[in-house]
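Source: prediction; values computed, not measured. Counting starts at 1 for both ligands and their atoms, following the listed order.
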Amino acid sequence: MANFETVEVNTDLLIVGGGFTACGAATEAAYWAKKNGLKVTLVDKAALDRSGAVAMGLSAINQYVGVRDGDNTVEDYVRYVRQDLMGISREDLVYNIARHVDSTVHLFEKWGLKIWTDEDGKYVHEGRWQLMINGESYKIIIAEAAKNAIADAGGEIYERIFITEPLMDGNRCVGAVGFSTREEKFYVFKAKATIAAAGGAVHVFRPRSVGEGFGRSWYPPFNTGSSAYFTMKAGAEMTCQEVRFIPVRFKDAYGPVGAWFLLFKSRAISAEGGEYMAVRKDELQNWAPYGLAKPIPANLRNYLGMLDMDEGLGPLYMETDEAINKIADAFKEDPKAFKKKMKELESEAWEDFLDMTISQAHLWAAQNVKPEEKHSEIAACEPYFIGSHSGASGAWVSGPEDLDTPYKWGYANMCTVDGLFAAGDASGASSHKFSSGSHAEGRIAGKAAIKYVVEKGADPNVDMAKVEGLKKKILSPLDLWQAHCNETTDPEINANYILPRQFMFRLQKLMDEYAGGVTSAFKTSKSLLDRAMELFVFLKEDSEKLGARDLYELERCWENIHRMWQGEAHVRTMLFREETRWPGYYFRSDTPKMDEDNWHCFANCRWDPASGEWEMMKRDVVPLPGV
Ligand SMILES: Cc1cc2nc3c(=O)[nH]c(=O)nc-3n(C[C@H](O)[C@H](O)[C@H](O)COP(=O)(O)OP(=O)(O)OC[C@H]3O[C@@H](n4cnc5c(N)ncnc54)[C@H](O)[C@@H]3O)c2cc1C
């Protein structure tokens, strides 16, 4: 076996991940841990300052309710999420996040984040719920607060450790194991409680950007389904595994469109000039009541554009020039003021990309795009798993203790596994938390997990023989490579192992062609999904034969195994839900209509660690009383 040193770390609370959720969890948990003499340990596969989806920065905070100013109520936010998710959301979780999110945003400001304000000192809104920020250093600011809180409470942060598996003691999670991505070290984290906060997943589906563009995607390439894998392997019940997110973005560099739609009030049109949201309005009747209420759900907006593409009316365009000129028109009488306004709008357009998707600015520059002169192409991206944004996949977690709902079996945000908590992208059915809501949910989970440790946290009982078995399995790709790499002239081609890149291509091809990816125009059916399940059998067999040349490839191997589990849960749940509820995210051609009578429910699943079998189940959607 590869000769890795084993490092043991003992802690009270383990936080897996270092993104917005983990930073929220760390900040809050450290406060309560210090009061109770407990230790908090955070472990991230990357470096906290720039890890996760906010690594590059953001130009807007997408969840701010504005209760202080009387702008909205928490109930308004619950109604908004219910509408956008076509009726399927855990309203107790959404409510809990919404009632805490404003205070999180005020903390961000206190920590140094520049939130735009107007002449009256009020926050500048991009849309109803979104605040404009100078967000290039957003992640650094939030990470700094988490680091300070952990240091102040005597906790520890481990960076560049890839968490591979949960450590289990029956139905109780007692920590995690993983390996350093820089040194030959295998880590065993023993914990009384664990929070899964390792983000969502990308590259489960074949991306549009292949070949020279490979690696470019809307969702950052470093989140690879670890939250889903970790919670599933622990035996946790999962929810909304069928709900993927497909954003429509500027084509090929995936630049954000929010500022264009919300701030600049731009229109999106087909190549023939028709505005699909207007031309195809009647289609929305088929998706009542959600299609007829405002705002129109993101998937339905996608769907109308996709119908244009299906009819050969592409490319689709964002009317940037029209929008900019319309705003500047108000200054037409004064040429100097007009010129100044045009300059200001032009620079806002570029800054929007430079804040969070620099490559889109590169692409515009490379293609001589002047947004004030000519429209720019947009397209639906490939599917992603991101429970904190407009997707919803994640673990099924216990609701807040003070609300009267049937969704309570433990501490807030605890999974159906004892001692295991999930938040942000890792918890399901509570979409639209975004950066601020994920941080708020992390805080909720952090506080609840410390409460669990104080009240119930027995010392972790870890079977070291099992850990040794895990170590052997986790490092086996290195051994397999070593044993067989000299048997062929080209070490990339070998009958005894498969390298992670080729393995990933197989997974992506399977998902793309059978599970409703880009090349199948986001359509699938029972027959296609059944075939996908047949192919998964072979893929899973071959995952035992992954080979790795070095530490980097070892990480790639495990990233792909995590992706594979996310993919399988997705296919199984799309098969289970016999209707089409989110056209624009996926369309089941054999059950093309929404079926409120039979499928206004959560589709949940669970992998049983004892038997290795999957169980699928329906769970009721219970609206929050009075909302
Ligand atoms: C392209 C894009 C644009 C967005 N735009 C906005 C916006 O404008 N405004 C807004 O408010 N929100 C926006 N969001 C949403 C926001 O980024 C997410 O809601 C938020 O980052 C979710 O937090 P998280 O901690 O769950 O995941 P992340 O912040 O992504 O963090 C995941 C963490 O897990 C770590 N990790 C992953 N795997 C492992 C492993 N195996 N072991 C250890 N660590 C691991 C990662 O390194 C990272 O630290 C956007 C998201 C995306 C993808």
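The side chain of P220, and not its backbone, has at least one atom closer than 4.0 Å to an atom of ligand 1 (non-hydrogen atoms only; side chain from C-beta on). With a heavy-atom cut-off of 4.0 Å, Q63 does not touch ligand 1 at all. With a 4.0 Å heavy-atom cut-off, ligand 1 is reached by the side chain of L58 but not by its N, CA, C or O. At a heavy-atom distance under 4.0 Å, atoms from both the backbone and the side chain of A53 approach ligand 1. Both the backbone and the side chain of W218 come within 4.0 Å of ligand 1, judged by heavy-atom distances.
For K39 and E156, the salt-bridge test passes: some basic side-chain N is under 4.0 Å from an acidic carboxylate O. In this structure, E559 pairs ionically with R556, as a charged nitrogen and a carboxylate oxygen lie closer than 4.0 Å.
In terms of protein heavy-atom proximity, atom 37 (C) of ligand 1 is closest to A198 O, 3.3 Å. Atom 43 (C) of ligand 1 has K45 N, 3.3 Å as its closest protein atom, hydrogens excluded (heavy atom only). Among protein heavy atoms, atom 14 (N) of ligand 1 sits closest to H389 CD2, 3.8 Å. The protein heavy-atom contact nearest to atom 8 (O) of ligand 1 is A60 O, 3.4 Å. Of all protein heavy atoms, the one lying nearest to atom 41 (N) of ligand 1 is S226 OG, 2.9 Å. Atom 12 (N) of ligand 1 has its closest protein heavy atom at S435 N, 3.2 Å. Looking at atom 20 (C) of ligand 1, its nearest protein heavy atom turns out to be S438 OG, 3.9 Å. Nearest to atom 23 (O) of ligand 1 among the protein's heavy atoms is T21 OG1, 3.4 Å.
Side-chain contact annotation: H100 with R443, donor-acceptor N/O pair under 3.5 Å absent. Inspection of the S51 and K45 side chains reveals no N or O donor paired with an N or O acceptor under 3.5 Å.
For the side chain to side chain donor-acceptor pair (under 3.5 Å) with Y254, the lone residue among R249, E382, R216, R208 that qualifies is E382.
In this structure the side chain of T194 reaches within 4.5 angstrom of the side chain of L420, judged on heavy atoms. Counting heavy atoms from C-beta outward, Q508 and V204 have side chains that stay 4.5 Å or more apart.
Taking the six-membered ring for Trp and the full ring otherwise, F434 and W129 have centroids separated by 6.0 Å or more. A distance below 6.0 Å separates the ring centres of F179 and F162. Between F108 and H439, the distance from one ring center to the other falls under 6.0 angstrom. A distance of 6.0 Å or more separates the ring centres of F245 and Y219.
Heavy atoms from other residues, nucleotides or ligands lying under 6.0 Å from NZ of K466 number 12 at most.
Heavy-atom separations between M356 and ligand 1 include at least one value shorter than 4.0 Å. Proximity of I161 to ligand 1 is established by a heavy-atom distance of less than 4.0 Å.
The ligand atoms of ligand 1 that sit less than 4.0 angstrom from a heavy atom of N223 are 28 (P), 30 (O), 32 (C), 37 (C), 46 (C). Within ligand 1, the atoms closer than 4.0 Å to a non-hydrogen atom of G199 are 27 (O), 32 (C), numbered from 1 in the order shown. Of all the atoms in ligand 1, the ones that sit under 4.0 Å from a non-hydrogen atom of G19 are 25 (O), 28 (P), 29 (O), 31 (O), 33 (C), 48 (C), 49 (O). The ligand atoms of ligand 1 that sit less than 4.0 angstrom from a heavy atom of Y219 are 53 (C). Atoms of ligand 1 lying under 4.0 Å from any heavy atom of S388, numbered from 1 in the order shown and given with element: 18 (C), 19 (O), 22 (C).
Checked by distance only, ligand 1 and I61 stay at 3.5 Å or farther apart across all their nitrogen or oxygen atoms. Considering backbone and side-chain N/O atoms, S436 never comes within less than 3.5 Å of an N/O atom of ligand 1. Where the criterion is an N or O separation shorter than 3.5 Å, residue side chain and backbone included, Y138 fails it with respect to ligand 1. Of the polar atoms of G424, none of the N or O atoms is found under 3.5 Å from an N or O of ligand 1, judged by distance alone. Annotation: I163 places an N or O atom under 3.5 Å from an N or O atom of ligand 1; distance criterion only. Geometrically, ligand 1 and F222 share no nitrogen or oxygen pair separated by less than 3.5 Å.
Taking OG of S227 as the reference point, atom CE of M238 lies at 8.5 Å (rounded to 0.5 Å). Here the straight-line distance linking atom OH of Y123 with atom CD1 of I115 works out to 4.0 Å at 0.5 Å rounding.
Between W565 and Y229, the ring-plane angle classifies as perpendicular under the 30° and 60° cut-offs.
A donor-acceptor pair under 3.5 Å links the side-chain atoms of Y77 to the main chain of H432, judged by distance alone.
By heavy-atom distance, the residue among T224, L48, V54 lying nearest atom 17 (O) of ligand 1 is V54.
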